[in-house]
Amino acid sequence: MAISLYNTLTRKKEILTTIEPNKVRMYVCGPTVYNKAHIGHAMSALVFDVIRRYLEFRGYEVQMAMNFTDVDDKIIKRAEELNVDPFELAEGYIEDYKKNLEDLNILPATYNPRATQEIDQIIRMIEGLIEKGLAYPLEGDVYFRVRMAPDYGKLSGRNLDDMRVGVRKEADDRKEDPLDFALWKAAKEGEPSWESPWGKGRPGWHIECSAMNFHIFGDSIDIHGGGNDLIFPHHENEIAQSESFTGKPFARYWVHNGMLQLRGEKMSKSIGNIISIDEFLTLHSADSFRYLILNSSYRNPIIFSTEAIESAEKGLDRLRSALKPAAVSATGASVQITAALNDQMEKTESEFIAAMDDDFNSAGALGTLFELVRVINFARDSGASADQLGSAQMLMKKLTGVFGLTLESAAANKSDTAEPFIDLLVSLRQEMRKQKNWALADQIRDDLAALKVVIEDTREGSSWHWA
RNA sequence: GGCGACGUGGCCAAGUGGAUAAGGCAUGGGUCUGCAAAACCCUGAACAUCGGUUCAAAUCCGAUCGUCGCCUCCA
């Protein structure tokens, strides 16, 4: 079995073959750090986290880079508004973002390059492009000659002459062609800048990704990822620059996630319909967001809503239910039951892999996980012992781990120090139940429920967990 | 105007030529329980519309309607 993935470049699913056997070089476009990150950014980071985890599960060594664009017009503008140093502003948001990713259980990238740390490489690349006649300096700026790149438009399926140039953005008529884009921007007074052969300035947006890729990975990478809003112009321009510079194919597979929507529109800072990652995490668990994404297909838009997250939390509860221990008095389940458990384990593992191999079909894979949940719970109800449930529960943990789910309780206010006291209350309540003091027993249950502590009574006694 | 993705039960969603059309959430009935909760069992309900190709279409082709993204900074 092989992994297939949808390649934006060819608009079809292709079998994954890598430059070096068993190694994947993957680059994902990270954020421009001029503000707090929102859950749309989180979706993209999460999608590629799951892809990365799955590739590792399938035996690949994954080298992953995610960049920070830490110098650009918006950072400069915002720093001016706040009257702070633009580098410090960017640094602060980078730290915030790394914290966000950690909170979301997103594995750190192997490399986190930044535009400002690649200036030398960027300048060398621009010089190379000028030498080849593919770029030209203009009053301290440098532009890329789009029409000189032979297959410009191949990623986004665009024909240069069909595009409405200057409709929304005023055309700059100094440029040879309105579609030419900036590789280097001359600095205005007081702006952050670096010395270059064309005077003081800073890199254009697209070149940093090409330079960082070249620096870290060389001419070619296996997978280049990002949101589908980056296909044009950003990724198109990256291809043009990189392939013009090296003469080699840039990325073998282009993978793009769909947009997270809120109130019928793409979540975006400029539209203003955003929920920051911090805000989200004060109200909901990281797992619930991950579940929401996993239960959809990464290439399609996902509608964010409170209802969707609540439904996700319930789905997670159900996944967690499979991990509950065997009954204390369990005497062991019949051969038929354990055989069914073994069959389902095999079925779930193979269906999980088949689904994920097919362009990371996480929703399909999740479906087969729920079938295992049902069989595990049935076995437990039928008296299966801890031993008999053990390997199936291990499989659950293994596969949900590939998804990056923690399956930890969602309660935000859970506290380790309270646990002995809760245990005490629960055992006192047991005494009351023995004495058939239902009123008081029920009151304790209700009051604890209000504190997000859920009591469950079984034949063997009561257990509790955080809501 | 150009390019692209998509439309499956009440909601989310898998499935891309032949299946009983997964799964989750919600709903209804039952088992269990002091009552709950949890779990288990049973249950109803879906392929946007219209044509076409085919022995056979949710799946392929065309048209129509609708939704979203990109063509401007964007994950």
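Numbered from 1 within each chain, the chains take letters A, B, ... in sequence-line order. Atoms considered below: every heavy atom in the structure, side chains included; atoms not considered: hydrogens, waters and symmetry mates.
- Within the structure, a side-chain polar atom (N or O) of A:Arg318 is placed less than 4.0 Å from OP1 or OP2 of B:G24.
- Across the strands present, B:A26 finds no partner; the criterion is a Watson-Crick or G-U wobble pair with both atom distances under 3.5 angstrom.
- The base-pairing partner of B:U67, taking Watson-Crick or G-U wobble contacts with both distances under 3.5 Å, is B:A5.
- B:U59 is unpaired under the criterion used here, namely a Watson-Crick or G-U wobble arrangement in which both key atom distances are under 3.5 Å.
- Applying the 4.0 Å criterion to OP1 and OP2 of B:A13, one finds that A:Asn295 has every side-chain N and O outside that range.
- Across all strands shown, A:Gly264 has heavy atoms under 4.0 Å from sugar-phosphate atoms exclusively, and none from any base.
- Of the candidates B:A37, B:C68, B:A75, the closest approach to any side-chain atom of A:Asn257 belongs to B:A75.
- Nucleotide B:C35: unpaired (no Watson-Crick or G-U wobble partner with both distances less than 3.5 Å).
- Comparing the C1' positions of B:C12 and B:U27 gives an interatomic distance of 16 Å, to the nearest angstrom.
- With A:Arg114 contributing its side chain and A:Asp70 its backbone, the two residues share no donor-acceptor pair below 3.5 Å.
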Listing, residues 332-339 of chain A side-chain donor-acceptor contacts under 3.5 Å, not counting sequence neighbours, or none:
{"from": "A:Ser334", "atom 1": "OG", "to": "A:Ile337", "atom 2": "N", "distance (Å)": "3.3"}
{"from": "A:Thr338", "atom 1": "OG1", "to": "A:Ser334", "atom 2": "O", "distance (Å)": "3.4"}
{"from": "A:Thr338", "atom 1": "OG1", "to": "A:Val335", "atom 2": "O", "distance (Å)": "3.0"}

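- Where A:Lys13 and A:Cys29 each meet RNA chain B at their nearest nucleotide, the meeting point lying more 5' is that of A:Lys13.
- For the pair A:Glu307 CD and B:C25 C1', the computed distance is 12 Å after rounding to whole Å.
- B:A46 is unpaired under the Watson-Crick or G-U wobble criterion, no partner having all donor-acceptor distances under 3.5 Å.
- In terms of phosphate contacts, A:Asn361 brings a side-chain nitrogen or oxygen within less than 4.0 Å of OP1 or OP2 of B:G15.
- Residue A:Pro233 places its side chain closer to B:C73 than to any other of B:A14, B:C41, B:C73.
- Distance from the side chain of A:Ser270 is smallest to B:C73 among B:C73, B:G4, B:A38.
- When distances run from any side-chain atom of A:Tyr291 to the nucleotides B:G23, B:G24, B:C73, the shortest one goes to B:G24.
- Residue A:Asp442 places a side-chain atom within donor-acceptor reach of the base of B:G34, judged by atom type and a 3.5 Å distance cut-off alone.
- Under the stacking criterion of a centre-to-centre distance below 5.5 angstrom and an interplanar angle below 30°, A:Trp438 sits stacked against the six-membered ring of B:G34.
- Comparing atom distances between the A:Lys324 side chain and each of B:C35, B:G69, B:A38 picks out B:A38 as nearest.
- The aromatic ring centroids of A:Phe217 and A:Tyr27 lie 6.0 Å or more from each other.
- Taking 4.0 angstrom as the limit, A:Lys266 places a side-chain polar atom (N or O) nearer than this to OP1 or OP2 of B:C70.
- Counting atom types as modelled, A:Arg374 pairs no side-chain N or O with a base atom of B:C40 as donor and acceptor under 3.5 Å.
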Could you list all N or O pairs between the protein and nucleotides 30-33 of chain B that sit under 3.5 Å apart?
none

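- Using N1 to N3 plus N6-O4 or O6-N4 for Watson-Crick, or N1-O2 and O6-N3 for G-U wobble, each under 3.5 Å, B:C73 pairs with nothing.
- Residue-level contact check: A:Glu265 touches the backbone only, with heavy atoms under 4.0 Å from sugar-phosphate atoms and none from bases.
- Here CD1 of A:Ile39 is found 12.0 Å from CG of A:Asp278. Values are rounded to the nearest 0.5 Å.
- A donor-acceptor contact under 3.5 angstrom links the side-chain atoms of A:Arg445 to the base of B:A36.
- Comparing B:A75, B:A5, B:C70 against the side chain of A:Phe232 picks out B:C70 as the nearest.
- A:Asp229 comes within contact range of at least one nucleobase, with a heavy-atom separation under 4.0 Å.
- RNA chain B is contacted by both A:Asn159 and A:Thr32; A:Asn159 maps to the nucleotide lying nearer its 5′ end (nearest heavy atom per residue).
- Comparing B:A26, B:G23, B:G34 by their nearest atom to the side chain of A:Lys314 picks out B:A26.
- The ring of A:Phe352 has its center closer than 6.0 angstrom to the ring center of A:Phe403.
- Side-chain atoms of A:Ser242 do not come within 3.5 Å of backbone N or O of A:Ile239 as any donor-acceptor pair.
- Nucleic acid contact for A:Thr8: none, since no nucleic acid atom lies under 4.0 Å from a heavy atom of the residue.
- Taking the side chain as every heavy atom from C-beta outward, A:Pro203 and A:Glu118 never approach each other to under 4.5 Å.
- If you check every strand for non-hydrogen atoms under 4.0 Å, A:Gly226 touches sugar and phosphate atoms only.
- In terms of modelled atom types and a separation under 3.5 Å, the side chain of A:Ser362 and the main chain of A:Leu294 share a donor-acceptor contact.
- The residue A:Ile303 sits apart from the nucleic acid: no heavy atom pair falls under 4.0 Å.
- Of all nucleotides listed (B:C68, B:G23, B:A75), B:A75 comes nearest to the side chain of A:Pro31.
- Candidate nucleotides B:C41, B:A39, B:G69 were compared by shortest atom distance to the side chain of A:Asp381, and B:A39 ranks first.
- Closest to the side chain of A:Ala363, from the set B:A75, B:A36, B:A14, is B:A14.
- In this structure, A:His256 and A:Arg299 approach most closely via the heavy-atom pair O-CG, 3.7 Å.
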